[in-house]
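This report refers to the structure that appears directly beneath it.
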Amino acid sequence: MDIKAFVANENENPLDRIVEDGGYTAILRTIGCVGDSLSSGEFESTMEDGSKGYHDYYDYSWGQFIARMAGCTVYNFSRGGMTAREYCDSFAEKNGFWDKDKACKAYIFALGVNDVLNQGQPFGTFDDICLEDYRKNANTFIGRYGEIVQRLKEISPDAKFFFMTMPDEDVPEPRKSRMIEHREVIYKMAEFFSNSYVIDLMQYGPKYDAEFKKNFYLGGHLSACGYFLTAKMVASYIDYIIRHNMDDFRQIGFVGTPFRNANYKF
């Protein structure tokens with residue numbers, strides 16, 4: 001048995017190795033997916049009269065595919081059309097997502113499309129985050145995104161956070177520039193908060209071009225196969241992150257408990 005197959009390879013990129021069983025994502029026994037329609041398994045319907053409908057089928061979400069793949073418990077803290085602002089103002093409270101009994105060992109964030117692209121909300125700056133009191137955060141994308149992280153850290157202080165960029169796509173300006181700026185913000189967010197990592201689908205995922213959409217889209221959203229492929233990418237990326245940061249995840253089993261092994265970094 002070659003142990004090198006189970007640890008970091010300094011020459012690999014995050015999605016060079018696609019895992020079929022979730023890989024080391026399986027050690028994250030509880031995961032919360034904070035996101036919008038693409039985190040909710042949303043399908044777009046079109047009726048004979050041309051009217052469209054949008055339907056969240058959580059069982060088809062990439063989070064639930066990961067749950068079945070890796071044997072984890074995954075919560076869909078998501079809904080079609082979600083923004084960080086709405087999540088903070090009403091959605092999370094209404095659904096009990098701040099409750100201690102829903103605390104997770106890890107959270108995956110996939111927010112921003114509706115915020116900064118579809119609604120044109122301002123990005124803001126990292127001065128918009130008040131580390132002493134999230135209630136003082138500014139009403140910007142950065143301020144509200146940061147508020148979600150801060151409130152989840154209150155109920156699960158040692159949880160791991162994975163922040164997703166948007167996939168690469170051929171879109172006109174200024175949308176393309178805002179997607180790139182969102183990616184820059186996501187990297188800064190991971191630097192700003194402890195225990196945080198980036199899932200950079202813009203850099204390492206497939207380009208969502210005409211060929212990709214022909215195979216993995218249903219209207220303006222992903223198809224079932226598209227969500228399944230996304231699950232493979234997300235789980236494989238997290239597996240890569242864990243293998244390249246083994247010490248960070250050494251005590252993941254103690255997250256959410258009063259225990260730790262004081263001989264190791266936590």
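Stacking of R68 on the aromatic ring of F65 is recorded, both the 6.0 Å distance cut-off and the 45° axial limit being met.
Defined by atom type and a distance below 3.5 Å, a donor-acceptor pair is present between the side-chain atoms of D200 and Y187. A donor-acceptor contact under 3.5 angstrom links the side chains of N137 and Q150, judged on distance only.
Side-chain contact between F193 and L131: present, with at least one pair of heavy atoms (C-beta onward) separated by less than 4.5 Å. Taking the side chain as every heavy atom from C-beta outward, I155 and L152 approach each other to under 4.5 Å. Residues R17 and D239 have side chains in contact (heavy-atom distance under 4.5 Å, counting atoms from C-beta outward). Looking at F161 and K153, their side chains come closer than 4.5 Å, going by heavy atoms from C-beta outward. Residues T46 and K52 form a side-chain contact, since some pair of their non-hydrogen atoms from C-beta on lies under 4.5 Å apart. By the 4.5 Å heavy-atom criterion applied to side chains, R175 and E169 are not counted as neighbours. Taking the side chain as every heavy atom from C-beta outward, K232 and E20 approach each other to under 4.5 Å.
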If you apply the rule side chain to side chain contact (heavy atoms under 4.5 Å, CB included), what do you find for T25 with I31, and how did you get there?
CA-CA 10 Å; T25 303; I31 302 172; 4.1 Å; yes

Does the pair I142 and M189 meet the rule for a side chain to side chain contact (heavy atoms under 4.5 Å, CB included), with working shown?
CA-CA 8 Å; I142 290 174; M189 197 71 70; 4.2 Å; yes

Give the intermediate values and the outcome of side chain to side chain contact (heavy atoms under 4.5 Å, CB included) for residues R151 and E93.
CA-CA 11 Å; R151 296 194 68 175; E93 186 73 33; 3.9 Å; yes

Stepwise side chain to side chain contact (heavy atoms under 4.5 Å, CB included) check, F109 with V149:
CA-CA 9 Å; F109 279 46; V149 178; 3.7 Å; yes

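Taking each heavy atom of A70 and G22 in turn, the nearest pair found is CB-CA, 4.1 Å. Between G63 and C33, the closest heavy-atom pair is CA-SG, 4.0 Å. Closest non-hydrogen pair, F43 versus A224, comes out as CE2-N, 3.6 Å. Across all non-hydrogen atoms, the minimal contact from N215 to S223 is O-OG, 4.2 Å. The two residues E42 and G80 come nearest to each other via the heavy atoms OE1-CA, 3.3 Å. Closest heavy-atom contact between C104 and S156: O-OG, 2.6 Å.
Note on I199: it clusters hydrophobically with Y227, by side-chain heavy-atom contacts below 4.5 Å among ILVMFWY residues. By the criterion of side-chain heavy atoms lying less than 4.5 angstrom apart, applied directly or through intervening Ile, Leu, Val, Met, Phe, Trp or Tyr residues, L38 is grouped together with I66 in one hydrophobic cluster. Criterion: ILVMFWY side-chain heavy atoms under 4.5 Å apart, direct or through other members. Under it, F162 and Y204 are part of a common hydrophobic cluster. No single ILVMFWY cluster, assembled from side-chain heavy atoms under 4.5 Å apart, contains both V255 and W98. Placement of L222 and M179 in two distinct hydrophobic clusters is found when ILVMFWY residues are connected by side-chain heavy-atom separations under 4.5 Å, directly or transitively.
Rounded to the nearest 0.5 angstrom, S39 OG and M164 CE are separated by 6.5 Å. The CD1 atom of I108 sits 8.0 Å away from the CG atom of L28 when rounded to the nearest 0.5 Å. Once rounded to the nearest 0.5 Å, the distance linking CZ of R260 with CZ of R250 reads 13.0 Å. Rounding to the nearest 0.5 Å places CD of E44 at 11.0 Å from OH of Y217. Atoms CG and CG, on D36 and N118 in that order, are 8.5 Å from each other to the nearest 0.5 Å. With rounding to the nearest 0.5 angstrom, the CZ atom of R183 is 15.5 Å from the CZ atom of F163.
Aromatic ring orientation, Y57 versus Y60: perpendicular (interplanar angle above 60°, classes split at 30° and 60°). The aromatic rings of F141 and F123 stand perpendicular to each other, their planes meeting at an angle above 60°, with 30° marking the opposite boundary.
Although no hydrogens or angles enter the test, the distance criterion places no donor-acceptor pair under 3.5 Å between the side chain of R144 and the main chain of C88. Of the possible donor and acceptor atoms, one in the side chain of T165 sits under 3.5 Å from a partner among the backbone N and O of M202. Side-chain atoms of N76 do not come within 3.5 Å of backbone N or O of S78 as any donor-acceptor pair. The backbone N or O of M233 sits nowhere less than 3.5 Å from a side-chain atom of S236 that would complete a donor-acceptor pair. Put simply, the side chain of Q64 gets close to the backbone of V74: a donor and an acceptor are under 3.5 Å apart. A donor-acceptor contact shorter than 3.5 Å is absent between the side chain of K105 and the backbone of I27. Not one N or O on the side chain of S40 forms a donor-acceptor pair closer than 3.5 Å with the backbone of D56. Judged by distance alone, with hydrogens and angles left aside, the side-chain atoms of D2 form a donor-acceptor pair with the main-chain N or O of K4 at under 3.5 Å. Looking at D115, its side chain does come within 3.5 Å of a backbone N or O of A84 through a donor-acceptor pair. Here the side chain of N9 pairs a donor or acceptor atom with the backbone of N11 at under 3.5 angstrom.
D170 has a carboxylate O that lies under 4.0 Å from a charged side-chain N of K207, or vice versa, which qualifies the two as a salt bridge. A salt bridge links R135 with D133: the closest approach of a Lys/Arg side-chain nitrogen to an acidic carboxylate oxygen falls below 4.0 angstrom. A salt bridge links K176 with D168: at least one charged nitrogen is closer than 4.0 Å to a carboxylate oxygen. Between K160 and D248, no side-chain nitrogen of the basic residue sits less than 4.0 Å from a carboxylate oxygen of the acidic one, so the salt-bridge criterion is not met. A salt bridge does not link K94 with E86: every distance from a Lys NZ or Arg NE/NH1/NH2 to an Asp or Glu carboxylate oxygen is 4.0 Å or more. Between E211 and K214 there is a salt bridge, since at least one side-chain N of the basic residue sits less than 4.0 Å from a carboxylate O of the acidic one.
Residue pairs meeting the ring-ring contact (aromatic ring centres under 6.0 Å, His included) criterion with at least one member in residues 2-28: none, sequence neighbours excluded.
Residue Y197 is tested with Y237, F249, Y107 for a ring-ring contact (aromatic ring centres under 6.0 Å, His included); the sole match is F249.
Remark: aromatic rings of Y75 and F97 are distant, center separation not under 6.0 Å.
Counted within 6.0 Å of NZ on K102, heavy atoms from surrounding residues, nucleotides or ligands total more than 12; the atom is thus considered enclosed.
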